[in-house]
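Heads up, the thing below is written out as structure tokens.
Please read all numbers here as calculations on a predicted model, not as lab measurements.
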Amino acid sequence: MTHLLLLTLGQTDAALNGEPVHWGSASAEHLLHYLLAHPEGRRRDEILNDLWHTDMGEQSGNRFRVTLHRLRRALGRPDAVVEEHGRFRLSDEVLQASDVYRLYAALRRAERAGDEETRLLAYRQALELYRGDFLAGCADDWAVQAREEHRGLTTLQNG
């Protein structure tokens, strides 16, 4: 069994079984981050446009397939990215390995807590997970938008 850890809050890091993930290309890591920012999934044309500012074509389709293969290989999971109804998304296992997922899970536990002690424990866990902005070093439009959405949701839930 493999253990995956994905950090995107305040720092960007990925480890598989305690070792740094070897991406094979920067585009594979960018695709992972993009899909983390869109857990509901995105269509191929949206990915091509947002990541590489290109339309569907033979060359861009090949680039997408190669990048997708590299991402799956880097994470050691052929099912790391799944396609459902024309949308590509990270598998549940990969999403759950991310600090963003664990942060929101802790905030949901705090919101649903039946007693103050459980609520405080969940908020402490959320605070430990939050080490800074989502993909702080990425200036791409999709990352800035996701960062703002995370800020808004965490402010509402903590407010």
Side-chain angles (χ1 to χ4, degrees), residues 1-109 125-154 157:
M1 180 166 174
T2 60
H3 180 359
L4 179 63
L5 178 65
L6 302 172
L7 302 178
T8 57
L9 296 170
Q11 67 181 38
T12 305
D13 198 11
L16 184 61
N17 296 324
E19 298 292 325
V21 170
H22 300 287
W23 296 107
S25 72
S27 60
E29 184 178 15
H30 293 153
L31 179 58
L32 169 78
H33 292 154
Y34 179 82
L35 293 174
L36 277 172
H38 300 93
E40 73 285 356
R42 300 292 276 184
R43 293 186 324 268
R44 183 186 314 240
D45 62 317
E46 293 171 315
I47 296 168
L48 290 172
N49 183 54
D50 291 348
L51 283 182
W52 301 304
H53 309 289
T54 186
D55 295 325
M56 258 317 276
E58 186 176 330
Q59 189 173 11
S60 60
N62 187 53
R63 180 177 187 182
F64 177 77
R65 282 188 299 280
V66 169
T67 300
L68 187 60
H69 172 75
R70 287 178 175 161
L71 173 57
R72 288 171 169 156
R73 187 177 63 217
L75 298 181
R77 304 182 62 102
D79 64 344
V81 178
V82 295
E83 181 184 5
E84 296 171 337
H85 309 291
R87 297 178 76 81
F88 292 85
R89 68 171 185 82
L90 295 173
S91 70
D92 291 341
E93 294 79 11
V94 173
L95 278 175
Q96 292 168 9
S98 73
D99 53 359
V100 171
Y101 177 91
R102 292 190 312 274
L103 170 70
Y104 282 99
L107 291 172
R108 283 190 301 275
R109 282 193 307 276
Q125 291 169 342
L127 285 171
E128 288 173 12
L129 287 163
Y130 187 81
R131 290 175 300 282
D133 282 337
F134 177 74
L135 298 176
C138 186
D140 293 340
D141 290 343
W142 60 266
V144 171
Q145 180 180 352
R147 188 176 311 124
E148 291 302 318
E149 289 172 8
H150 290 312
R151 282 181 189 156
L153 288 175
T154 56
Q157 290 186 346

Quick check for you: to the nearest 0.5 Å, what is the distance between Leu127 atom CG and Leu107 atom CG? 8.5 Å

Starting at CG of Leu90, measure out to NE2 of His33 and round the result to the nearest 0.5 Å. 10.0 Å

Between Glu46 and His38, is any pair of side-chain heavy atoms under 4.5 Å apart? no

Between CZ on residue Arg108 and CG on residue Leu103, distance to nearest 0.5 Å: 9.5 Å

For Ala74 and His22, work out which heavy atoms get closest and say how close. CB-O, 3.3 Å

Arg147 to Phe134 - nearest heavy-atom pair and separation: NE-O, 2.8 Å

For the residue pair Leu95 and Leu36, establish whether any side-chain heavy-atom pair is separated by less than 4.5 Å. yes

More than 12 heavy atoms of other residues, nucleotides or ligands under 6.0 Å from CG of Asn62: is that the case? yes

Of all heavy-atom pairs between Ala97 and Arg102, which one has the smallest distance, and what is that distance? O-NH1, 2.9 Å

Parallel under 30°, tilted from 30 to 60°, perpendicular over 60°: which one fits the rings of Phe64 and Trp52? perpendicular

Side chains of Glu29 and Thr12 in contact at under 4.5 Å (non-hydrogen atoms): yes

Set of residues satisfying side chain to side chain contact (heavy atoms under 4.5 Å, CB included) with respect to Leu16, sequence neighbours excluded: Thr2, Leu4, Val21

Closest non-hydrogen contact found for Ala28 with Arg70 is CB-CB, 4.0 Å

Applying side chain to side chain contact (heavy atoms under 4.5 Å, CB included) to Gln96 and not counting sequence neighbours gives Asp92, Tyr101

Under 3.5 Å, is there a donor-acceptor pair between the side chain of Arg87 and the main chain of Gly41? yes

Could you tell me which non-hydrogen atom of Cys138 sits nearest to which non-hydrogen atom of Val144, and how far apart they are? O-CG2, 4.3 Å

Euclidean distance, Asp50 CG relative to His30 NE2, rounded to 0.5 Å: 14.0 Å

Under the side chain to side chain donor-acceptor pair (under 3.5 Å) test, which residues partner Arg73, sequence neighbours left out? His69

Leu32 vs Val94 side-chain heavy atoms within contact, under 4.5 Å: yes

Looking at side-chain heavy atoms only, is the closest gap between Asp79 and Arg77 below 4.5 Å? yes

Just verifying a value: how many Å separate Asp141 CG and His53 NE2, rounded to the nearest 0.5 Å? 7.0 Å

Between Trp142 and Tyr34, what is the ring plane arrangement, given parallel below 30°, perpendicular above 60°, and tilted in between? perpendicular

Counting distance only, does the side-chain N/O of Asp133 pair as donor-acceptor with the main-chain N or O of Gly10 below 3.5 Å? no

Check: Thr8 main-chain N/O paired with Asp99 side-chain donor or acceptor under 3.5 Å: yes

Exercise: identify the closest heavy-atom pair between Gln11 and Leu7: NE2-CD1, 2.9 Å

Side chains of Arg44 and Phe88: closer than 4.5 Å at any heavy-atom pair? yes

Check: Leu35 main-chain N/O paired with Arg42 side-chain donor or acceptor under 3.5 Å: no

